[in-house]
Structure formats: C-alpha cells, structure tokens
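None of these values were measured; they are calculated from a predicted model. Numbered from 1 within each chain, the chains take letters A, B, ... in sequence-line order.
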Amino acid sequence: QQQVKQSPQSLIVQKGGISIINCAYENTAFDYFPWYQQFPGKGPALLIAIRPDVSEKKEGRFTISFNKSAKQFSLHIMDSQPGDSATYFCAATPPGTDKLIFGTGTRLQVFP
Amino acid sequence: DTAVSQTPKYLVTQMGNDKSIKCEQNLGHDTMYWYKQDSKKFLKIMFSYNNKELIINETVPNRFSPKSPDKAHLNLHINSLELGDSAVYFCASSLQGLIGNEQFFGPGTRLTVL
C-alpha cells in the first residue's frame with residue numbers, strides 16, 4: 001500500500017522526441033505527487049508536482065498527467081534534449097505527512 | 001551560496017568502525033531529512049527532524065543515530081558499520097515540513113564499507 005511502482009527502468013529517446021515515464025500507486029489517500037530529477041553525482045531536485053484534484057499540470061516542456069481512478073500518473077517530456085539525460089523519480093506523499101515515497105527511478109538518455 | 005551541504009563527499013571505512021556525516025542548510029528551513037540511496041538508485045527516507053525534534057524514523061537500525069544540534073544542522077552517526085551500509089546518503093531540508101513543500105537535497109555522501 002505504501003509502494004510506488006515506476007516504469008520503464010531505462011529509456012532512450014532521440015533529441016526532439018517525447019519521453020514518457022509512468023508511475024502507479026496503491027494507496028488512494030496519497031495526496032501529493034512530485035517528480036524529482038537527478039543528475040549523476042548530484043542530489044535529486046524537484047522538477048514538477050501535482051495534487052490529485054487536477055488531471056494535468058504543465059511547466060514548460062514538462063507535463064504531469066494524473067489519472068485518479070486508475071491510480072496512475074506520468075511525466076511527459078516534450079522536445080527531449082540531451083541536457084534532459086538524468087534519472088527521474090516519481091514520488092507520493094501519504095496524508096498528514098511530508099514523507100516522500102519514491103518510485104524506483106527511470107534512467108533517461110537523450111541522444112542527439 | 002550552497003543551500004544544503006554535506007561533509008564528507010566520500011567516506012571509505014572498514015567494517016565495524018563508527019563514522020559521522022554532517023549536514024547543514026542555509027535556507028532557513030526548519031525540517032531536515034536523511035535519505036539512503038542504494039546501489040540500484042532506490043531512494044528511501046530514514047529520518048526527518050522538525051525544529052530539532054524527531055518526526056519520522058523509518059525502522060532504521062539502532063546503529064544509525066541522527067543528531068540535530070540546531071535547526072540548520074542534522075548529522076548522521078553510524079555505529080559498527082556493516083557492508084550493507086554502503087550507499088549514498090542524502091540530506092534534505094524543507095520549510096515547515098508541510099505537504100507540498102519542496103525538499104531541497106544536498107549533494108550526497110558516498111559511503112563505502114570494506
């Protein structure tokens with residue numbers, strides 16, 4: 001119930017393509033869903049986040065799509081660039097806490 | 001103007017030793033965290049402190065003891081190190097520890113136990 005499942009484990013995309021990373025959760029009480037981006041040798045950094053009362057959030061080339069009934073959410077990176085190459089983590093927060101439960105991560109490689 | 005800093009960046013030690021990792025944030029946040037990232041990149045929270053008070057303790061072995069001398073610092077002391085403790089440890093901080101508040105991560109400390 002406390003898990004967040006993430007797929008794929010790795011993703012290779014051509015420059016200019018769309019990168020899509022999916023996450024699924026079991027606990028319907030989760031109420032905050034952020035995505036973190038981690039470059040090699042660095043700590044994770046918040047990329048974009050969504051709450052379950054909206055179905056989509058867009059910030060620049062990054063969009064979260066949220067499907068509450070399916071208990072799934074996904075990150076879409078439009079016009080993917082080599083600089084987007086990093087590991088992406090979805091996460092979820094149980095109610096009443098600020099604890100982040102992370103997915104297993106997706107290593108994205110964008111080739112020119 | 002580093003936001004969340006950790007020392008040391010690398011730590012190599014023998015099994016059975018005791019070691020500490022230090023964390024400091026200059027963001028004025030009052031909640032700090034320790035996370036462990038294993039060799040498969042899996043990130044898991046270990047502890048959180050709010051204004052020097054322990055809030056989250058995720059069934060971490062007693063060999064791990066966080067200490068918060070003030071709200072800008074959260075250190076991690078590990079006794080009797082084991083091979084399985086090898087990982088990257090990240091400190092993070094957030095404002096008030098509220099849901100939806102961004103957590104800012106440090107650069108990590110890579111611990112290798114031989």
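Ile78(B) and Tyr33(B) are not part of a single hydrophobic cluster, where members link through side-chain heavy atoms under 4.5 Å apart. Hydrophobic clustering of Ile, Leu, Val, Met, Phe, Trp and Tyr side chains at less than 4.5 Å, counting indirect connections, keeps Tyr10(B) apart from Val113(B). In the hydrophobic clustering of ILVMFWY residues, with side-chain heavy atoms under 4.5 Å counting as a link, Phe105(B) and Leu74(B) come out apart. Hydrophobic clustering keeps Val88(B) apart from Val4(B) (ILVMFWY residues linked when any side-chain heavy atoms are closer than 4.5 Å, directly or through intermediates). Leu81(B) and Ile21(B) end up in the same hydrophobic cluster when Ile, Leu, Val, Met, Phe, Trp and Tyr side chains are linked at under 4.5 Å.
Chain B is approached within less than 4.5 Å, heavy atom to heavy atom, by Gln38(A), Gly41(A), Lys42(A), Gly43(A), Pro44(A) from residues 37-45 of chain A, ordered by number.
Contact of Tyr35(B) with chain A is made through the side chain alone, with heavy-atom distances under 4.5 Å. Interface remark: Tyr36(A) contributes side-chain atoms only to the contact with chain B (heavy atom separation under 4.5 Å).
With values rounded to the nearest 0.5 angstrom, Thr97(A) atom OG1 is found 11.0 Å from Ile55(B) atom CD1. Taking CG from Leu100(A) and NZ from Lys44(B), the interatomic distance works out to 12.5 Å, rounded to the nearest 0.5 Å.
At most 12 heavy atoms of other shown residues, nucleotides or ligands fall within 6.0 angstrom of atom CD in Glu53(B). Summarising the local packing, CG of Asp53(A) is surrounded by more than 12 heavy atoms from other residues, nucleotides or ligands at distances under 6.0 Å. Sparse packing is recorded around NZ of Lys5(A), with 12 or fewer heavy atoms of other residues, nucleotides or ligands lying under 6.0 Å away. More than 12 heavy-atom neighbours from other residues, nucleotides or ligands sit within 6.0 angstrom of CD on Gln109(A).
Comparing Arg110(B), Gln6(B), Lys41(B) by how many heavy-atom pairs each has under 4.5 Å with chain A, the most go to Lys41(B).
Annotation: side chain of Asp98(A) is in contact with side chain of Ile56(B) (closest heavy-atom distance under 4.5 Å).
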Chi angles and distances behind the side chain to side chain contact (heavy atoms under 4.5 Å, CB included) call for Phe89(A), Gln37(B): CA-CA 12 Å; Phe89(A) 293 93; Gln37(B) 186 169 47; 3.4 Å; yes
